[in-house]
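Okay, so here's the structure we're looking at.
A note on names: the letters A, B, ... follow the listed sequences, proteins ahead of strands, and every chain is numbered from 1. Just so you know, these numbers come straight off a predicted model, no measurement behind them.
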Amino acid sequence: MPELPEVETTRRGLEPHVVGRRITAVEVREPRLRWPVPADLSAALAGRRIDSLGRRAKYLLFATGDGTLLLHLGMSGSLRYLPGFEPPQAHDHVDICLEGGARLRLNDPRRFGSLHFARVAAEHPLLCDLGPEPLEPGFTADYLWRTARGRRVAIKQHLMNGRVVVGVGNIYASEALFRAGIRPTRPAGRIARARFPRLVDAVREVLAEAIGHGGTTLRNFVGGDGRPGYFRQELSVYERDGEPCKRCGTAIRRTVLGQRATYHCPRCQR
DNA sequence: CTAAGGACCTGTCGGC
DNA sequence: TGCCGACAGGTCCTTA
């Protein structure tokens, strides 16, 4: 489900509920997620106060004075704030229990999500080789051009490579390329340097706008407060196969690239 | 080194 | 109505 805007929406929704509160325990009903939930996770976190709720790529970072809880929502995960106990439903795999009886509940049908503990988050193996955040200053046209030089991989797959830039998933890769007027299949290294400023702006804009709308709700994504996002109606190409391009009217085309559904306007994008 | 494909899971939907 | 395959927002790992 979640791409960066959905994770950021979750982060913002949860932040006021968790910062400054202590974790009392982590209850794991199903440890078989993308990686096994560490058996000592609850012991590592119990009694620690959450100093901040941050985000790196699509990981939520619950920072305490002595170590950080990393949480990834995978493909189908959502994290909800419960003011008090409620009986767990199907796929409610983990609860992060807070002082006072509130809890954060992870629901994840496909179990591609994960939880980790790191003394220093940035040094965790899953975070230490990641590229820049797309909404931060390190993601520039010049940077992206340099990473693309000599690469034959399609630009869409290049954008979705977390070592290049994080947080650009399948929806927003298609959307950004539409805005930039670039065909998703174009080899990354065969895009003129002069086109990169527009591409970088497009990535930034589409992500920022989606965050502003509370994320994209496709099937049943809900943010930390349980409310859906409203970016879906803003999508220009994603899941619009056969529908008219909003700019030129040509039918949007669905193709498969790297085993992922890809959408583009054959006229506007070159 | 790059690039491509498989792997991990469950739920939903369309077609027969 | 029931079954079966295709497909779904992520990304790591293996193979060539």
Side-chain angles (χ1 to χ4, degrees), chain A residues 1-11 29-37 55-60 70-79 89-94 106-116 124-131 134 146-176 184-190 203 206-207 210-211 213-223 228-235 237-242 254-263:
Chain A
M1 269 181 205
E3 292 201 31
L4 185 145
E6 289 71 37
V7 178
E8 180 62 20
T9 296
T10 299
R11 190 195 70 74
R29 283 174 290 272
E30 174 53 87
R32 296 173 304 164
L33 304 187
R34 176 71 163 84
W35 280 276
V37 179
R55 179 186 57 73
R56 173 73 173 114
K58 294 170 187 163
Y59 290 89
L60 292 169
L70 283 56
L71 190 154
H72 198 293
L73 295 173
M75 199 90 124
S76 59
S78 61
L79 194 60
Q89 311 286 313
H91 311 302
D92 282 343
H93 302 314
V94 176
L106 174 68
N107 180 279
D108 185 7
R110 291 177 73 179
R111 291 196 274 121
F112 287 163
S114 60
L115 294 134
H116 316 265
H124 190 279
L126 293 170
L127 299 190
C128 65
D129 291 323
L130 293 177
R146 273 185 275 117
T147 64
R149 233 174 2 172
R151 297 296 208 82
R152 276 164 296 185
V153 71
I155 184 62
K156 177 174 179 249
Q157 294 173 290
H158 191 66
L159 287 176
M160 291 175 67
N161 179 351
R163 291 178 178 237
V164 172
V165 59
V166 300
V168 184
N170 202 41
I171 300 175
Y172 301 113
S174 281
E175 291 296 314
T185 48
R186 179 173 284 274
R190 308 197 67 180
V203 169
V206 76
L207 292 174
I211 291 169
H213 286 256
T216 300
T217 295
L218 290 184
R219 278 143 197 97
N220 54 3
F221 173 78
V222 289
Y230 292 96
F231 193 66
R232 175 157 212 207
Q233 58 228 36
E234 311 298 320
L235 296 175
V237 290
Y238 191 81
E239 285 193 342
R240 295 195 63 238
D241 185 31
R254 178 191 190 275
T255 57
V256 175
L257 182 52
Q259 323 193 105
R260 309 298 300 274
T262 300
Y263 300 85

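- Look at CE on A:M160: it is 9 Å from C1' on C:dT11, rounded to the nearest Å.
- With a 3.5 Å limit on both pairing distances and Watson-Crick or G-U wobble geometry required, the stems of 3 or more pairs in DNA chain B span B:2-8 with C:10-16, B:10-16 with C:2-8.
- Judged as a side chain to side chain donor-acceptor pair (under 3.5 Å), and not counting sequence neighbours, A:H124 has no contacts.
- Proximity of A:F231 to A:I171: side-chain heavy atoms (C-beta onward) are nowhere separated by under 4.5 Å.
- Residue A:D241 contributes atom CG, which lies 15 Å from atom C1' of C:dA6 at whole-angstrom precision.
- Rounded to an integer number of Å, the gap from CZ of A:R56 to C1' of C:dT11 is 15 Å.
- Judged purely by atom type and a 3.5 angstrom limit, A:T262 uses its side chain to pair as donor or acceptor with the backbone of A:R260.
- A donor-acceptor pair under 3.5 Å is absent between the side-chain atoms of A:D241 and the main chain of A:T255, judged by distance alone.
- A:T147 contributes no side-chain N or O that, together with a main-chain N or O of A:V164, makes up a donor-acceptor pair within less than 3.5 Å.
- With sequence neighbours excluded, the residues forming a side-chain contact (heavy atoms from CB on, under 4.5 Å) with A:V166 are A:R56, A:A57, A:L130, A:E133, A:P134, listed by chain and number.
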Sort me out a list of protein N/O and nucleotides 4-6 of chain B N/O pairs below 3.5 Å, or just none if empty.
unit_1 : atom_1 : unit_2 : atom_2 : d
B:dG6  : OP2    : A:Q259 : OE1    : 3.4

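- The salt bridge (charged side-chain N to carboxylate O under 4.0 Å, His left out) search around A:R146 returns A:D142, not counting sequence neighbours.
- Remark: C1' of C:dA8 and CD1 of A:I171 are 10 Å apart, rounded to the nearest angstrom.
- Going from atom CD of A:E6 over to atom P of C:dG9 covers 12 Å, rounded to whole Å.
- The closest donor-acceptor contact from the side chain of A:E3 to the backbone of A:G169 lies under 3.5 Å.
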For nucleotides 10-12 of chain B, which of its nitrogen or oxygen atoms have a protein nitrogen or oxygen under 3.5 Å away, and what is each distance?
unit_1 : atom_1 : unit_2 : atom_2 : d
B:dT10 : OP1    : A:R111 : NH2    : 3.0
B:dT10 : O4'    : A:P109 : O      : 3.3
B:dT10 : O3'    : A:H91  : NE2    : 3.4
B:dG11 : OP1    : A:H91  : NE2    : 2.5

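- A:K156 places its NZ atom 16 Å from the P atom of B:dA3, with the value rounded to the nearest Å.
- Nucleotides B:dG5 and C:dC7 have their P atoms positioned 16 Å apart, rounded to a whole Å.
- Applying the side-chain contact (heavy atoms from CB on, under 4.5 Å) rule to A:P31 yields the partners A:V28, A:V37; only residues at least two apart in sequence or on another chain are considered.
- For A:H72, the ring-ring contact (aromatic ring centres under 6.0 Å, His included) partners at least two apart in sequence or on another chain are A:Y59.
- The separation of B:dC9 from C:dT14, taken at their P atoms, amounts to 16 Å, rounded to a whole angstrom.
- When the side-chain contact (heavy atoms from CB on, under 4.5 Å) test is applied to A:H93, the partners found at least two apart in sequence or on another chain are A:E30, A:L33, A:H91, A:D108, A:R111.
- Note on residues 149-176 of chain A: pairs passing salt bridge (charged side-chain N to carboxylate O under 4.0 Å, His left out), not counting sequence neighbours, are A:D129-A:R163.
- With values rounded to the nearest 0.5 angstrom, A:R55 atom CZ is found 10.0 Å from A:T9 atom OG1.
- Using a 4.0 Å heavy-atom criterion, one finds that A:R163 contacts no nucleic acid atom at all.
- Taking only side-chain atoms of A:F112, from C-beta outward, the nucleotide of C:dA8, B:dT2, B:dC9 with the closest atom is B:dC9.
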Protein-nucleotides 12-16 of chain C N/O pairs under 3.5 Å:
unit_1 : atom_1 : unit_2 : atom_2 : d
C:dC12 : O4'    : A:R34  : NH2    : 2.7

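- Remark: P of C:dG9 and CD of A:E175 are 13 Å apart, rounded to the nearest angstrom.
- Residues satisfying the side chain to side chain donor-acceptor pair (under 3.5 Å) criterion with A:R29, sequence neighbours excluded, are A:D95.
- Computed from coordinates, the A:N170 CG to C:dA8 C1' distance equals 10 Å when rounded to whole Å.
- Contact between the side-chain N/O atoms of A:R260 and the OP1/OP2 oxygens of C:dG9 is found at a separation under 4.0 Å.
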